[in-house]
Amino acid sequence: MCGRFVKKSSKEELRKRFGFDDSLGGVMLEPRYNIAPSQEHPVLILNQDRRLLRMMKWGLVPHWSRDPKIGYKMINARSEGIEEKPSFSGPLKKKRCLVIADGFYEWHKPDKKTKIPYYFSLKSGEPFAFAGLWDLWEKGDEPLYTFTIITTSPNELMEPVHNRMPVILSESDEARWLDPEITDSKDVLSLLKPYNAEEMECFKVSTIVNSPKNDVPECLIPAN
DNA sequence: CCAGACGTTGTT
DNA sequence: GTCTGG
DNA sequence: CCAGACGTTGTT
DNA sequence: GTCTGG
């Protein structure tokens, strides 16, 4: 699931919504229409009480990994049992992050041959945050920052299309997700639930979104 | 104790 | 790093 | 996630 | 079939 998303809000819109004071050099906030695993994306973390954005690669590589290729398999983390997974238990305590987005795609596969892409977003049109985890790998030539997006069961809107959905945090939960003082896993895990379907919408889109090479606005054109 | 794995989705 | 299996 | 490639030797 | 690249 959740192997593509969109970030089209401007830097000003995002700053207003998420209140980051600063951003590291190299943070790119150009609109994106087809963000795929292994690509760089701005991720919001808390650094000494300040919200800051940093570019990270999608596909979590645990800091102890021998081979960073493991990241190709770590684009999502199931919320169920997440605290028991060696790759995620550490980051769940101290490396929680917000993955900012405006929407995401999911493919409905009614049978083996059919694949229909849908675009999901908030009815408000506002950007939102996926619940994410990040880590830093330093066994290569360069420091490697990576992240993963947590998944849960689908809400009523997504259920007909797919059996999983990414965790979208309600705005009031975002600060708690980032708060390093909250270490009790019960408190943290209580935030990982399906988003309110009433506040979301979706529609079919063109299959041009199927190729991750097509990072173009046409990905969002409604289809039949 | 040490060695070895550490993941998800989707499909069968 | 941390957990499981032997 | 999906799309696309999947190899070596030897030469530059 | 499986891995890499986007």
Side-chain angles (χ1 to χ4, degrees), chain A residues 1-7 28 30-42 55-96 99 101-121 130-140 143-144 146-154 158-168 183 185 192 194 202 204-216 218-220 223:
Chain A
M1 75 106 355
C2 185
R4 256 19 123 54
F5 63 91
V6 164
K7 189 214 72 61
M28 303 301 290
E30 297 304 308
R32 296 289 310 278
Y33 299 92
N34 203 347
I35 299 165
S38 87
Q39 294 180 345
E40 296 272 324
H41 183 74
M55 296 303 286
M56 299 192 193
K57 190 174 175 179
W58 188 4
L60 189 132
V61 178
H63 61 93
W64 43 260
S65 283
R66 295 166 120 257
D67 186 353
K69 284 185 208 154
I70 188 72
Y72 282 99
K73 301 175 182 176
M74 305 282 213
I75 64 172
N76 294 129
R78 291 178 67 91
S79 56
E80 302 91 339
I82 191 173
E83 76 279 14
E84 295 159 7
K85 305 288 186 183
S87 301
F88 306 135
S89 59
L92 188 68
K93 291 182 192 120
K94 289 290 167 190
K95 289 184 163 59
R96 301 187 295 269
V99 181
D102 292 272
F104 61 93
Y105 304 103
E106 191 52 77
W107 282 260
H108 181 42
K109 295 170 184 172
D111 59 68
K112 219 166 164 183
K113 299 167 186 170
T114 320
K115 231 173 22 180
I116 308 166
Y118 284 75
Y119 178 67
F120 289 83
S121 60
F130 293 125
L133 302 175
W134 66 280
D135 209 342
L136 169 60
W137 189 78
E138 296 180 289
K139 296 182 186 295
L144 177 64
T146 59
F147 71 94
T148 189
I149 294 173
I150 299 173
T151 68
T152 185
S153 50
M158 279 207 73
E159 193 277 330
V161 175
H162 202 65
N163 64 336
R164 303 293 294 165
M165 81 177 286
V167 173
I168 296 172
T183 52
S185 71
L192 303 177
C202 73
K204 289 183 191 175
V205 291
S206 156
T207 53
I208 59 174
V209 73
N210 287 10
S211 175
K213 287 178 184 170
N214 298 330
D215 183 15
V216 294
E218 286 73 19
C219 289
L220 297 183

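Atom set for the values below is all heavy atoms of this structure, side chains included, hydrogens, waters and symmetry mates excluded. Numbers restart at 1 for each chain; the letters A, B, ... are given by sequence-line order, proteins then strands. Predicted model only: the values in this text are computed from it and were never measured.
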For A/Arg66 and B/dC6, what is the distance between atoms CZ and P respectively, to the nearest whole Å? 14 Å

When the C1' atoms of B/dG7 and D/dC1 are compared, how many Å lie between them, rounded to an integer? 14 Å

Mind checking the P distance from B/dA5 to E/dC3? Whole angstroms is fine. 15 Å

Who is the Watson-Crick or G-U wobble partner of B/dG7, with both distances under 3.5 Å? none

Classify the ring geometry between A/Phe130 and A/Phe5 as parallel (under 30°), tilted (30 to 60°) or perpendicular (over 60°). perpendicular

Can you tell me if the side-chain N/O atoms of A/Ser89 get under 4.0 Å from OP1 or OP2 in C/dG1? no

What I want to check is whether the side chains of A/Asn210 and A/Thr207 have a donor and an acceptor closer together than 3.5 Å. no

Quick one: which of B/dG7, D/dC2, D/dA3 gets closest to the side chain of A/Lys109? D/dC2

Please report the distance, rounded to the nearest Å, between CD1 in A/Ile150 and C1' in B/dG7. 14 Å

N-O pairing of A/Arg164 and A/Glu80 below 4.0 Å: yes

Using atom C1' of each nucleotide, how far apart are B/dT9 and E/dT2 to the nearest Å? 15 Å

Atom pair distance, as rounded to whole Å: CD in A/Gln39 and P in D/dC2: 15 Å

B/dG7 P sits how many Å from A/Lys69 NZ, rounded? 19 Å

Taking the C1' atom of each, how far is B/dT12 from E/dG1, in whole Å? 14 Å

Rounding to an integer number of angstrom, what distance separates E/dG5 and B/dA3 when you compare their C1' atoms? 33 Å

A/Thr151 has a side chain; which of B/dT9, B/dG7, D/dA3 sits nearest to it? B/dT9

Return the value, rounded to whole Å, for the distance between atom CH2 of A/Trp58 and atom C1' of E/dT4. 16 Å

Under 4.0 angstrom between A/Arg78 side-chain N/O and B/dT9 OP1 or OP2: yes

Side-chain N or O of A/Arg164 versus OP1/OP2 of B/dT9: is the shortest distance under 4.0 Å? yes

Under 3.5 Å, is there a donor-acceptor pair between the side chain of A/Trp137 and the main chain of A/Trp64? no

Donor-acceptor under 3.5 Å (A/Thr148 side chain, A/Asn76 main chain): yes

Could you tell me the separation between the NZ atom of A/Lys85 and the P atom of C/dG1, rounded to a whole number of Å? 21 Å

Options B/dT9, B/dG7, C/dG1, nucleotide nearest the side-chain atoms of A/His63: C/dG1

Let's test this: given Watson-Crick or G-U wobble pairing with both distances under 3.5 Å, identify the partner of C/dG5. B/dC2

Can you see if the side chain of A/Tyr72 gets near the phosphate of E/dG5 - specifically, an N or O under 4.0 Å from OP1 or OP2? yes

Distance check needed: D/dC1 P versus A/Arg32 CZ, whole Å only. 19 Å

Does a side-chain N or O from A/Lys115 land closer than 4.0 Å to OP1 or OP2 of B/dT11, or not? no

Is any side-chain heavy atom of A/Met165 closer than 4.5 Å to one of A/Pro194? yes

Does the ring of A/Phe104 meet both stacking tests against the six-membered base ring of D/dC1: centre distance under 5.5 Å and plane angle under 30°? no

For the base of E/dG6, is there a side-chain donor-acceptor partner from A/Ser38 under 3.5 Å away? yes

Nearest-angstrom distance from the residue atom CD of A/Glu138 to P of C/dG1: 12 Å

